[in-house]
Amino acid sequence: TVLEAAEIEVTQAGVTLYENIAAGLGFHLRLYELHDVLLVAARDRIRACPCENGCPACVGPVVDAELVDTSSMNAKRITLELIEEMVREL
């Protein structure tokens, strides 16, 4: 069953992965098993990236500064804070 975002009560930080192939490829079980390793690896990749505010190589697509005032947005910092909180909960 597909749930609308408004129907889900969020009580903890989380990351949701979606497959774009109908019925999926069956990676979900292995990804679940590797959850802790993948989370730490994601954190390490973001930390190691030389960019300042986030880029497609570390946090994925970011807001274009020419289109939106990004002075208060820092995708890299925000993403690291989220992942750090999730790693503390391991």
Exam field: side chain Lys76 to backbone Val59, donor-acceptor pair closer than 3.5 Å: no
Among Asp36, Leu31, Leu38, find the one that has a side chain to side chain contact (heavy atoms under 4.5 Å, CB included) with Leu34. Leu38
Kindly give the heavy-atom pair with the smallest separation between Arg43 and Val87, and that separation in Å. NH1-CG1, 3.6 Å
Qualifying residues under side-chain hydrogen bond (donor to acceptor under 3.5 Å, both in side chains), relative to Glu52, sequence neighbours excluded: none
Is Val40 linked to Val37 within one hydrophobic cluster, defined over Ile, Leu, Val, Met, Phe, Trp and Tyr using a side-chain heavy-atom separation of less than 4.5 Å? no
Distance col, row Ile83:CD1 vs Ile78:CD1, nearest 0.5 angstrom, shows 12.5 Å
As an exercise, state the distance from CD of Glu81 to CZ of Arg77, rounded to the nearest 0.5 Å. 5.0 Å
Answer yes when Glu84 and Arg47 have at least one side-chain N-carboxylate O distance shorter than 4.0 Å, and no when they do not. yes
Specify the closest pair of heavy atoms between Cys58 and Ile46, including all atoms of both residues, with the distance to one decimal. O-CG1, 3.4 Å
